[in-house]
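Below you'll find the structure, written out as structure tokens, and then a few comments.
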Amino acid sequence: MNGRPRFLTFEGGEGAGKSTQIRLMADWLAAKGIDVLLTREPGGSPGAELIRDLLLKGAVDRWLPISEALMLAAARADHIERTIRPALKAGKWVLCDRFYDSSVAYQGAGRGVGVTEVQTIQKIAFGDMRPDLTLILDLPVDIGLKRALAREGEKSDMEDRFERMERSFHETLRQAFLSIAEAETDRCVVVNADQGIEQLQQQLRGIVTDRSLLS
Ligand code: TYD
């Protein structure tokens, strides 16, 4: 039984463990008989995956911040129309590794485009598409960057443009995600990601249950 289709997003800075946690969450939901679509941003549709390559590879200063914001909005519009909406319509739960809060934090705050400006760009690109729940995995910057660096060896395709940005950029991101959560307590929950994988997953599952998303 699927219940109502739900749209869940996972957010946070580098090395917070989103990808592991989102997979474990998908397994848990699938074991309950829920049809789950696991997707990610940037990407999640053929066109958006092409834009992902442009965004994540190459020199740190490859793009102007505004160009990044516009490309991300273009990718997201495609992802929403071609992947997310059809899946929800088919009754699936959609779990997305990063979504529009990443643009507000990374491009709006971190890269200096401005939070309001990024919100406006997104509104033009795809209107309103609000997740039912956003789990923000919060971690001190030093720990996150250390984890991300340790993971570097596994990455074969150099998708690390943002990881290579300076430390102050990552501090700004962390604060931006916390501000988003503070402004939207009905949608967002901040979770301390500096704990064991299993322990963190139990906490996340508890939030989904407590918010009555399964009924
Ligand atoms: P990815 O390899 O998926 O990293 P992570 O495991 O940290 O999610 O790369 C996504 C990168 O793209 C990440 O550094 C954050 C950045 N990003 C933005 O800057 N803005 C956005 O809107 C999104 C979705 C991602």
Side-chain angles (χ1 to χ4, degrees), residues 7-25 38-45 47-80 83-84 94-115 117-123 125-126 129 131 134-139 141 143-167 169-174 176-177 180 193 197 200:
F7 180 31
L8 271 52
T9 58
F10 289 61
E11 297 278 7
E14 306 295 319
K18 288 178 291 82
S19 310
T20 304
Q21 295 299 329
I22 201 169
R23 249 181 283 121
L24 292 171
M25 177 74 76
L38 191 53
T39 186
R40 67 163 181 190
E41 289 206 347
S45 65
E49 288 288 332
L50 292 174
I51 297 177
R52 175 186 176 94
D53 255 13
L54 294 174
L55 280 164
L56 301 191
K57 295 179 184 172
V60 165
D61 64 356
R62 180 176 187 187
W63 299 110
L64 297 176
I66 183 66
S67 307
E68 281 175 14
L70 292 167
M71 282 193 280
L72 280 154
R76 188 159 298 126
D78 197 74
H79 184 210
I80 290 172
T83 303
I84 299 177
V94 177
L95 269 52
C96 191
D97 191 341
R98 297 193 181 280
F99 195 56
Y100 58 49
D101 297 313
S102 279
S103 288
V104 171
Y106 279 74
Q107 281 65 46
R111 303 275 282 143
V113 174
V115 165
E117 284 76 0
V118 169
Q119 286 166 340
T120 304
I121 291 168
Q122 305 205 95
K123 185 123 192 135
F126 52 85
M129 183 65 193
T134 297
L135 297 162
I136 297 177
L137 275 51
D138 178 59
L139 194 64
V141 167
I143 300 177
L145 287 179
K146 214 188 267 175
R147 281 195 198 168
L149 209 70
R151 211 176 48 181
E152 261 321 283
E154 303 162 21
K155 285 194 181 180
S156 56
D157 47 5
M158 298 296 287
E159 279 192 340
D160 61 353
R161 229 184 106 240
F162 292 98
E163 252 169 57
R164 286 182 271 127
M165 291 186 183
E166 50 196 55
R167 193 180 181 287
F169 171 79
H170 295 281
E171 284 293 355
T172 305
L173 293 183
R174 185 180 187 202
F177 279 121
I180 291 169
I197 290 174
L200 176 53

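Order of appearance sets the numbers: ligands from 1, and atoms from 1 within every ligand.
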Show your reasoning for whether salt bridge (Lys or Arg N to Asp or Glu O under 4.0 Å) applies to E49 and R40. CA-CA 9 Å; E49 288 288 332; R40 67 163 181 190; 2.7 Å; yes

Quick check: does S103 get an N/O under 3.5 Å from an N/O on ligand 1? yes

For atom 9 (O) of ligand 1, which of the options D160, D101, V118, L56 provides the nearest non-hydrogen atom? L56

Using a heavy-atom cut-off of under 4.0 Å, does the side chain or the backbone of R161 touch ligand 1, or both, or neither? neither

Nitrogen or oxygen of K18 less than 3.5 angstrom from that of ligand 1: yes

So the atoms of ligand 1 within less than 4.0 Å of a heavy atom of E41 turn out to be 24 (C)

Per-atom filter on ligand 1: closer than 4.0 angstrom to a heavy atom of S102 are 20 (N), 21 (C), 22 (O), 23 (C), 24 (C)

Identify the residue among R98, R111, H170 that makes a side-chain hydrogen bond (donor to acceptor under 3.5 Å, both in side chains) with Y106. R98

Heavy-atom pair of closest approach, residues I22 and D97: CD1-N, 3.4 Å

Nearest-option assignment for atom 1 (P) of ligand 1, heavy atoms, candidates E68, M165, E14, R52: R52

Tightest non-hydrogen contact, residues C96 and F7, listed as CB-CE1, 4.0 Å

Side chain, backbone, both or neither: which applies to Q107 and ligand 1 if a contact is any heavy-atom pair less than 4.0 Å apart? side chain

Applying a heavy-atom cut-off of 4.0 Å, say which part of R98 lies close to ligand 1: side chain, backbone, both or neither. side chain

Could you check whether any side-chain N or O of R161 sits under 3.5 Å from a backbone N or O of L55, counting only pairs where one atom can act as donor and the other as acceptor? yes

Within a reach of under 6.0 Å around CD1 of I197, are more than 12 heavy atoms found that belong to other residues, nucleotides or ligands? no

Report the part of R76 (side chain from C-beta onward, or backbone N, CA, C, O) that has a heavy atom under 4.0 Å from ligand 1; answer both or neither where that applies. side chain

Can we say R164 and E14 salt-bridge, meaning some charged N sits less than 4.0 Å from an Asp/Glu carboxylate O? no

Applying a 4.0 Å heavy-atom criterion (strictly less than), which segment of M71 is in contact with ligand 1: side chain, backbone, both, or neither? neither

Taking Q107 for the side chain and P65 for the main chain, is one N or O donor matched with an acceptor at less than 3.5 Å? no

For R151, counting its heavy atoms only, list the atoms of ligand 1 lying under 4.0 Å from any of them. 6 (O)

